[in-house]
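As structure tokens, the structure follows; a few thoughts come after it.
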Amino acid sequence: MVCQYLSNYYLPTRKEDPRDAEIVSHRLMVRAGMIRKLSSGVYSFLPLASRIQHKIDNIVREEMDRIGGLEVKLPIIQPRELWEKTGRWELYGPEMMRFKDRRGAEYGLGPTHEEVITDLLSYEVDSYRDCPLLFYQIATKFRDEVRPRFGIMRSREFSMKDAYSFHADEEDARKSYREVEAAYCRIFDRIGFDYRKVEAATGQIGGSLSHEFMVLADTGEDLILYCDSCSYAANQEKAEGTVVMPEEEPARELEKFPTPGVKTIDDLIKIDSEALPERQVKTLVYRSGDRPLVLLLPGNYQLNEAAVEEQAGGPLSEYSEAEIKQLMGAYPGSLGAVKQDAAIKNLQVWADPSLKGRSNLYTGANIDGYHYRGVDVGRDLKIDRWCQLRVSIAGEQCGRCGNGKLQEQRGIEVGHIFYLGDRYSRSLDADITMDDGQKKPMIMGCYGIGTSRIMAAAIEQSHDDNGIIWPRSIAPFDIYILPISWANDQQRKQAEEFARIFEKQGYEVLVDDRDVSPGVKFNDSELIGIPLRITLGRALEQGLVELTDRATGSTREIPVEQCLEQVEVYLTENGG
RNA sequence: CGGGGCGUGGCUCAGCUUGGCAAGAGCGCUGCGUUCGGGACGCAGAGGUCGCCGGUUCAAAUCCGGCCGCCCCGACCA
């Protein structure tokens, strides 16, 4: 039960867009008096934003509790030694904020909590009988983002719900994964998002099975590819499609020819106009573990590093140009994997399936300033393994059903779930004793929701020229009571009366008792996006008030005595 | 990190090219009065080391050098 008078509140709304804000959610959050920037990617939440965040957190909490989640609170400060045990002190890189205490001991600010929770449970849980366990927290995280942007959407300090599950076997872990997945759907349904669950890459966290929850929005940073025929949908960095290649002409002879100064795909076209990008074999060399890996894909495609890392089972790193020269015999620009080249004989070569069976292609000769033409993939190239190396794009054939075409749509990642296996439990000795007396590491899953990002995503998805349109479920207040003149006795008394009644009915009410002109009140009520407005104006003398729906702008004049009833009808129809 | 842009009262900006009288506007803020159905009006006020440091000059918001901060575009992620 909440009844807030604006004269006792702090709502610093602004007429003008802030200079440094680009996307609509950022602009509106600043204008609506929700957030203020302290530093790049670091924001203060003012009272209005704080209320909304509580609403979001509570929905998340209820649904996590419903599937047996247990709320905990884990430390933000985490010692170096712990992260070294999983290898992530190195792997996580500069994204983790690091510092030393007065004794010189090193710490990181937690960007995520797999290490802490797994370490904790390694001491506490000894038996399979204790499993399964599902812990979660809603807490501040720190990631020194390469590029913070879009206000709270991608900030360095942010709020996230992270959850971790622990199991005696894989089957149980998968069951938990499905339960969390269902809980996430309930959460995003309740918030009222238009969202999509997609297959995802696992990145730094590791693991094999993973899905993301994407709020559909043109300003989203992620690209989703989905099939127009089956239910397949995936993040672009994970999506698998098939490229339909044109019929090849009969294969020509392999021929080496001089290409002085050619460094790029465009350069080669200038020398031979038939060397279109899709006819060139892009040859890349990366370090995978301690061995080189040669990667081949058509020149018109981007390398998908995440996919390669997943296949290789570890991160890729780049060689310097000098190292490449040593390995291949030529600098980047003239690299290739033609069988007869001595340099390639002892190297692992992986190729993208879109190259399979093709001929009359171009590739480097591993001699600076020379290329081959007439390359037949099967005949001429040394290929040890076929696997997808390219980033798939819209228009490819669906890799799942084979019938449909992949379509694209942008999304904002608000949730991500991972099946982890024993990646963390093994390195942190989180063993349990099984019923046969054997010890083995627990099987884990981890599950994140970007709770502060949800606020921004909701605005991206629901706003108009006048401001935010909150879905009822996360609106900071349900009803905005707007007396045209607080000095008018009748209006003031009626406003106070309404406030009492609605509060008693369990609604959250904001009363605009400020001594400002009506225009200011109307504009603010729309800017901050309260679902329902009750306006008390001159018609009150005839016993009439106005109900205005924020989403549609439609207004109805009704007698005072019907107001409670009408409000109930309206608010239950709209996600009550 | 590479590329681009910006930094002048609380906010949004003008002034800078071509150095010079006194650093401005709108909004916001304070006081008084008039208003009260869509960011009202009048009068009177407060508020700025022109991001920082150095240089050029008789003189720098303006020209030069360095640094810092912030935003946008690309390679990374809730």
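The figures here come from the full heavy-atom set of this structure, side chains too, leaving out hydrogens, waters and symmetry mates. Every chain is numbered from 1, with letters handed out A, B, ... down the list of sequences. Because the structure is predicted, anything quoted here is derived from the model rather than measured.
With respect to A:Glu212 and A:Arg196, no salt bridge is recorded, no charged nitrogen being found less than 4.0 Å from a carboxylate O. Between A:Arg533 and A:Glu546 there is no salt bridge, since none of the side-chain N atoms of the basic residue sits less than 4.0 Å from a carboxylate O of the acidic one. Between A:Asp222 and A:Arg410 there is no salt bridge, since none of the side-chain N atoms of the basic residue sits less than 4.0 Å from a carboxylate O of the acidic one.
Considering only the side chain of A:Phe150, B:C73 comes nearest among B:A78, B:C73, B:C6. Comparing B:A78, B:G28, B:G10 against the side chain of A:Lys15 picks out B:G28 as the nearest. Relative to the side chain of A:Ser485, the nucleotides B:C36, B:G39, B:C11 differ in distance, and B:C36 lies closest. In the set B:U12, B:G39, B:A78, B:G39 carries the atom at the smallest distance from any side-chain atom of A:Val520. Nearest to the side-chain atoms of A:Asp515 among the listed nucleotides B:C72, B:C36, B:A78 stands B:C36. In this structure, of B:C72, B:C76, B:A78, it is B:C72 that holds the atom nearest to the side chain of A:Arg147. Relative to the side chain of A:Asn523, the nucleotides B:C72, B:G38, B:G28 differ in distance, and B:G38 lies closest.
Rounded to a whole Å, the CD1 atom of A:Ile187 is 16 Å from the P atom of B:A78. Remark: P of B:C36 and CZ of A:Arg492 are 17 Å apart, rounded to the nearest angstrom. Protein atom CG of A:Asn466 is 10 Å distant from nucleotide atom C1' of B:G38, rounded to whole Å. Summarising the geometry, the separation between CE on A:Met153 and P on B:A78 is reported as 15 Å, rounded to the nearest angstrom. The separation between A:Tyr164 atom OH and B:A78 atom P is 11 Å, rounded to whole Å. When rounded to the nearest whole Å, the span between CZ of A:Arg538 and C1' of B:U35 equals 15 Å. We find that CZ of A:Arg31 is positioned 14 Å from P of B:G28, with the value rounded to whole Å. Nucleotide B:G69 holds its C1' atom 12 Å from the CZ atom of A:Arg156, rounded to whole Å.
Judged by closest nucleotide on RNA chain B, A:Lys37 is the one of A:Lys37 and A:Ser155 placed further toward the 5' end. Residues A:Phe522 and A:Ile23 each lie close to RNA chain B; by heavy-atom proximity, the contact nearer the 5' end of the strand is made by A:Phe522.
Scanning atom types as modelled, no donor and acceptor separated by under 3.5 angstrom connect the side chain of A:Glu16 and the base of B:G28.
OP1 or OP2 of B:C70 has at least one side-chain nitrogen or oxygen of A:Ser39 nearer than 4.0 Å. Taking 4.0 angstrom as the limit, A:Arg149 places a side-chain polar atom (N or O) nearer than this to OP1 or OP2 of B:G74. Between A:Ser40 and B:C71, a side-chain N or O to OP1/OP2 separation shorter than 4.0 Å is present. The shortest distance between the side-chain N/O atoms of A:Arg19 and the OP1/OP2 oxygens of B:C13 is below 4.0 Å. For B:A40, one of the phosphate oxygens OP1 or OP2 lies less than 4.0 angstrom from a side-chain nitrogen or oxygen of A:Ser517.
Residue A:Met34 forms a side chain to side chain contact (heavy atoms under 4.5 Å, CB included) with just one option from A:Ile468, A:Ile528, A:Leu46, and that option is A:Ile468. In summary, of the residues considered (A:Ile474, A:Thr451, A:Asp189), a side chain to side chain contact (heavy atoms under 4.5 Å, CB included) with A:Ile59 occurs for A:Ile474 alone.
Counting any heavy atom pair closer than 4.0 Å across all strands shown, A:Asp20 reaches sugar-phosphate atoms only and no base atom. Contacts of A:Gly537 with the nucleic acid, taken as non-hydrogen atoms under 4.0 Å apart, include base atoms. At the heavy-atom level, A:Pro18 lies under 4.0 Å from the strands shown only through sugar-phosphate atoms. Across all strands shown, A:Gly93 has no heavy atoms under 4.0 Å from either base or sugar-phosphate atoms. Contacts of A:Ile449 with the nucleic acid, taken as non-hydrogen atoms under 4.0 Å apart, are absent. Among the protein residues, A:Glu526 comes within range of the nucleic acid bases, having at least one heavy atom under 4.0 Å from a base atom. Residue contacts shown for A:Glu157 are absent, as no nucleic acid heavy atom lies under 4.0 Å away. Counting any heavy atom pair closer than 4.0 Å across all strands shown, A:Asn488 reaches no nucleic acid atom. Nucleic acid contact for A:Glu212: none, since no nucleic acid atom lies under 4.0 Å from a heavy atom of the residue.
Counting non-hydrogen atoms of neighbouring residues, nucleotides and ligands closer than 6.0 angstrom, the NZ atom of A:Lys263 exceeds 12 such neighbours. By the 6.0 Å contact criterion, CZ on A:Arg98 is enclosed, its count of non-hydrogen atoms from other residues, nucleotides or ligands being greater than 12.
A:Val60 places none of its side-chain heavy atoms less than 4.5 Å from the side chain of A:Tyr184.
No close placement of the A:Phe213 and A:His211 rings is indicated, their centers lying 6.0 Å or farther apart. Centroid-to-centroid, the aromatic rings of A:Tyr107 and A:Phe99 come within less than 6.0 Å.
Of the P atoms belonging to B:G24 and B:C50, the separation is 14 Å, rounded to the nearest Å.
In RNA chain B, stems built from 3 or more consecutive Watson-Crick or G-U wobble pairs, each with both distances under 3.5 Å, span B:1-7 with B:68-74, B:10-13 with B:24-27, B:29-34 with B:40-45, B:51-55 with B:63-67.
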